[in-house]
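For the numbers below, each heavy atom of this structure counts, side chains included, while hydrogens, waters and symmetry mates do not. Below, chains carry the letters A, B, ... as their sequence lines are ordered, and counting in each starts from 1.
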Amino acid sequence: MKVLVAVKRVIDYNVKVRVKPDNSGVDLANVKMAMNPFCEIAVEEAVRLKEKGVASEIVVVSIGPKAAQEQIRTALALGADRGIHVETDQEVQSLEAAKLLKAVVEKEEPKLVILGKQSIDSDNNQTGQMLAALTGMPQGTFASEVVVEGEKVNVTREVDGGLMTVSLNLPAVVTTDLRLNEPRYASLPNIMKAKKKPLDATSPADLGVDISPRLETVKVEAPAARKAGIKVEDVAQLVDKLKNEAKVI
Amino acid sequence: MSILVFAEHDNSSLKQATLSVLAAAKEIGGDIDVLVAGENCGAVAEQAAKADGVNKVLVADNAAYGHFLGENLGELVAELGKNYSHILAAAGTTGKDFMPRVAALLDVAQISDIMGVVDADTFVRPIYAGNAIATVKSKDSTKVITVRPTAFDPVAAEAGSASVENLDVVKDAGLSSFVKEELAQSDRPDLASASIVISGGRGMQNGENFKMLEQVADLLGAAVGASRAAVDAGFVPNDMQVGQTGKIVAPQLYIAVGISGAIQHLAGMGDSKVIVAINKDEEAPIFQVADYGLVADLFEAIPQLEEELKKVL
Ligand SMILES: Cc1cc2nc3c(=O)[nH]c(=O)nc-3n(C[C@H](O)[C@H](O)[C@H](O)COP(=O)(O)OP(=O)(O)OC[C@H]3O[C@@H](n4cnc5c(N)ncnc54)[C@H](O)[C@@H]3O)c2cc1C
């Protein structure tokens with residue numbers, strides 16, 4: 001079975017984000033970029049499915065600027081077989097990303113598409129679900145376990161109340177949550193090998209998708225800063241402050 | 001303008017979050033209808049009809065909606081939603097699951113997790129784990145929006161008497177089915193809406209030690225939460241995770257115990273009214289946001305806290 005994994009290039013999760021002085025966005029100049037952590041989990045899950053003999057081929061796709069090829073190469077080093085780069089320097093919002101991925105899905109016809117549940121830049125949590133709706137596929141969102149059985153996949157989902165398991169007809173879309181697996185690191189020999197794996201480039205125009213954004217960003221501001229408070233001496237003082245100063249207990 | 005609010009519930013009672021979504025809908029302005037989709041959910045419809053500001057309650061009562069499967073809800077809400085200028089749901093795991101399907105089926109963008117309404121087209125939402133706050137304007141004819149419940153004060157639960165209308169549309173996509181559910185059983189208040197939350201992190205060392213926090217929680221009528229590290233390590237279940245990618249809480253009092261204060265954690269509790277941090281490392285970043293910080297070993301401080309609280313409560 002063929003598995004398609006979508007990965008996104010985002011700001012590294014350790015980087016302290018700074019808002020640009022003109023409030024037009026976040027300053028991404030000279031900051032460390034990396035694969036979105038949830039996408040790493042998606043790649044890892046695909047690789048594990050291949051190691052179990054469930055997946056036969058893993059295709060990894062990324063939408064973004066030329067530099068997004070770094071993240072595709074990382075996925076190839078982790079075990080994906082070939083890459084597709086949908087190259088664009090424009091901002092791509094979730095609906096448009098889903099449309100681009102739909103075009104790739106129609107060409108590749110994977111049995112399973114795995115994406116991260118959200119990217120840590122826009123925090124949208126939309127693309128996988130939109131792709132599923134556009135392609136008429138079922139979805140297992142926020143997955144903590146994925147078990148393929150014949151023509152179905154059972155997905156255990158992390159929901160507000162606990163865990164919920166659904167059974168989906170294949171082909172299906174899965175979005176990953178944090179507990180699905182712990183991604184491995186790429187070994188040096190695999191990083192070298194990944195350089196020779198096939199990576200095809202395409203573009204929104206080639207795929208026939210209009211990626212004009214629907215949402216206009218009016219401004220981006222820094223959040224209201226919280227003032228650091230005081231250090232209390234001991235537990236008795238803490239309880240006294242909570243009762244008599246803050247009046248919250 | 002006309003707004004469709006998706007009611008979040010468990011087939012027997014309306015979730016408090018829905019009252020906050022209604023508050024967001026009132027800020028947008030216009031006629032507000034509430035959709036109650038579920039199975040044997042008549043009691044929920046009655047509760048929704050009493051909420052302040054509701055014009056009409058639409059009820060879709062069918063086994064296809066019993067477990068809130070995204071495929072079925074997506075089709076239902078996309079069809080009903082065509083007649084509205086705005087479609088709103090709480091940004092919990094149900095809304096996050098099916099709302100993007102609605103948006104895609106209507107060929108519109110979704111605006112996720114709004115924390116403010118500027119006008120009928122313009123909304124405020126956090127990005128980058130809340131390290132930046134974006135104001136975005138939608139050019140679409142229908143706005144599909146998920147709402148951060150903690151950012152809007154709930155409307156009154158018992159204020160109105162809207163009409164209730166039963167729908168006979170059944171959308172069963174036939175793509176997915178429910179297998180099982182393992183829901184956390186707790187007599188404590190719901191984490192997302194509790195007025196006091198006490199959370200433990202990696203510093204708790206194991207799940208057994210969370211009992212110490214539970215004892216304090218029971219004295220305070222608090223909910224118990226956790227950091228990702230505590231959930232990943234298997235100390236406590238996933239539904240207790242507070243943060244960027246877990247639950248968003250904004251209680252009157254948040255007590256962080258053995259939590260370092262990573263940005264991803266702060267994203268989930270930074271809007272709490274009063275923050276207390278108990279950590280043995282005085283350099284821990286959590287102290288930068290704490291109103292009251294106590295540098296101490298939690299294994300000494302938490303039993304003391306329990307004793308002190310017993311004296312004053
Ligand atoms: C994509 C992504 C999403 C994430 N989402 C979330 C999220 O939603 N929520 C979240 O919480 N995190 C999230 N994280 C993880 C986050 O980056 C941190 O790793 C995590 O919050 C750390 O948890 P912690 O504070 O419990 O552990 P640590 O950072 O290890 O801190 C433990 C703290 O306990 C203190 N301590 C230890 N022993 C004691 C003692 N005896 N007495 C007192 N203090 C003690 C230590 O001084 C330390 O400060 C996410 C990370 C990524 C990459």
Side-chain angles (χ1 to χ4, degrees), chain A residues 11 13 17 19 26 93-95 98 117-118 120-126 129-130 132-134 137-139 141-142 144 154 158-169 178-179 214-223 226 228-232 235-236 238-239 241-243 246 248-249, chain B residues 70-71 74 92-93 96-97 100-101 103-105 108-112 122 126-140 175-184 220 228 232 237-239 245 252-253 270 274 276 287-295 301 304-305 308-309 312:
Chain A
I11 194 164
Y13 78 94
V17 169
V19 170
V26 159
Q93 296 181 347
S94 297
L95 178 65
K117 77 165 179 181
Q118 82 191 59
I120 60 164
D121 48 4
S122 65
D123 281 334
N124 269 341
N125 197 332
Q126 299 174 4
Q129 296 90 312
M130 287 179 160
L134 294 175
M137 284 195 254
Q139 65 192 30
T141 50
F142 330 139
S144 66
N154 272 9
E158 293 197 355
V159 294
D160 288 339
L163 295 171
M164 173 183 185
T165 306
V166 289
S167 168
L168 312 174
N169 296 352
L178 296 168
R179 259 67 60 180
R214 303 291 188 85
L215 298 178
E216 178 201 334
T217 301
V218 180
K219 63 179 172 191
V220 174
E221 293 162 303
R226 242 195 124 91
I230 58 158
K231 293 254 169 65
V232 292
V235 173
L238 174 64
V239 170
K241 292 274 183 197
L242 291 177
K243 190 163 173 66
V248 284
I249 58 172
Chain B
E71 297 77 10
T93 49
K96 286 176 181 172
D97 184 51
R101 286 189 85 102
L105 292 172
V108 299
Q110 173 177 307
I111 308 155
S112 293
T122 316
I127 54 176
Y128 293 91
N131 285 300
I133 307 295
T135 301
V136 294
K137 191 177 165 115
S138 166
K139 297 168 192 169
D140 291 313
L175 295 168
S176 55
S177 57
F178 170 80
V179 178
K180 64 172 180 190
E181 219 162 32
E182 293 157 55
L183 298 185
L220 291 168
R228 173 192 174 180
D232 280 7
N238 62 279
D239 52 87
T245 60
Q252 293 293 306
L253 172 61
V274 173
V276 169
F287 287 123
Q288 290 164 23
V289 299
D291 300 282
Y292 302 109
L294 176 65
V295 181
Q304 285 171 12
L305 180 61
E308 289 294 326
L309 286 172
V312 299

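Counting heavy-atom pairs closer than 4.5 Å to chain A, the top residue among Pro237(B), Ser138(B), Gly70(B) is Ser138(B). The greatest number of non-hydrogen atom pairs below 4.5 Å with chain B, out of Asn125(A), Val232(A), Leu134(A), Asn154(A), is found for Val232(A). Per-residue counts of heavy-atom pairs under 4.5 Å with chain A were compared for Val295(B), Thr122(B), Leu253(B); the largest is that of Leu253(B). Between chain A and the options Ile111(B), Asp239(B), Leu175(B), Asp140(B), heavy-atom pairs under 4.5 Å are most frequent for Leu175(B). Annotation: maximal heavy-atom pairing with chain A below 4.5 Å, among Glu308(B), Arg101(B), Gln304(B), occurs at Arg101(B). When Ser144(A), Gly229(A), Pro138(A) are compared by the number of non-hydrogen pairs under 4.5 Å with chain B, Pro138(A) comes out ahead. Ranking Leu215(A), Val218(A), Thr165(A), Ile120(A) against chain B, the residue ahead of the rest is Thr165(A), based on heavy-atom pairs under 4.5 Å. Ranking Val274(B), Leu105(B), Asp232(B), Thr245(B) against chain A, the residue ahead of the rest is Thr245(B), based on heavy-atom pairs under 4.5 Å. Among Gln93(A), Gln129(A), Met137(A), the residue with the largest count of heavy-atom pairs under 4.5 Å with chain B is Gln129(A). When the candidates Ala290(B), Ala301(B), Ala184(B), Ser177(B) are compared by the number of heavy-atom contacts under 4.5 Å with chain A, Ser177(B) comes out ahead.
For the pair Asp291(B) and Lys241(A), the salt-bridge criterion is not met [side-chain N within less than 4.0 Å of a carboxylate O].
Of the possible donor and acceptor atoms, one in the side chain of Asp160(A) sits under 3.5 Å from a partner among the backbone N and O of Thr93(B).
Only the side chain of Val19(A) comes within less than 4.5 Å of a heavy atom of chain B; its backbone N, CA, C and O stay farther away. Only the side chain of Val239(A) comes within less than 4.5 Å of a heavy atom in chain B; its backbone stays farther off. With a threshold of 4.5 angstrom between heavy atoms, Gln118(A) approaches chain B through side-chain atoms but not through N, CA, C or O. When heavy atoms are compared at a cutoff of 4.5 Å, Ala132(B) approaches chain A by way of both its backbone and its side chain. Neither the backbone nor the side chain of Ala98(A) has a heavy atom closer than 4.5 Å to any heavy atom of chain B. Contact of Lys243(A) with chain B is made through the side chain alone, with heavy-atom distances under 4.5 Å. Within the 4.5 angstrom heavy-atom criterion, only side-chain atoms of Glu71(B), from C-beta onward, approach chain A. At a 4.5 Å heavy-atom cutoff, the contact between Thr217(A) and chain B is made by backbone and side-chain atoms alike. Heavy-atom distances place both the backbone and the side chain of Leu163(A) under 4.5 Å from chain B. Of the atoms belonging to Val26(A), it is side-chain heavy atoms, and not backbone ones, that fall under 4.5 Å from chain B. For Leu220(B), the part lying under 4.5 angstrom from a heavy atom of chain A is the side chain only.
The CG atom of Asp121(A) sits 8.5 Å away from the CD1 atom of Ile11(A) when rounded to the nearest 0.5 Å. Considering NZ of Lys96(B) and NZ of Lys117(A), their distance stands at 5.5 Å, rounded to 0.5 Å. Annotation: the span from Arg214(A) atom CZ to Lys139(B) atom NZ amounts to 10.0 Å, rounded to 0.5 Å.
Side-chain atoms of Ser94(A) and Asn124(A) form a donor-acceptor pair, as typed in the model, at a separation below 3.5 Å. Counting only N and O atoms by type, the side chains of Ser112(B) and Gln110(B) include a donor and acceptor under 3.5 Å apart. Gln288(B) and Arg226(A) share no donor-acceptor pair across their side chains, judged by distance under 3.5 Å alone.
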### Task
Given side-chain contact (heavy atoms from CB on, under 4.5 Å), test Phe142(A) with Asn238(B) step by step and report yes or no.
CA-CA 11 Å; Phe142(A) 330 139; Asn238(B) 62 279; over 6 Å; no

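Taking both residues in full, the closest heavy atoms of Leu168(A) and Ser176(B) are given as CD2-CB, 3.6 Å, listed atom of the first, atom of the second, then distance.
Relative to the six-membered ring of Tyr292(B), Lys231(A) misses at least one condition, a distance below 6.0 Å or an angle of at most 45° to the axis.
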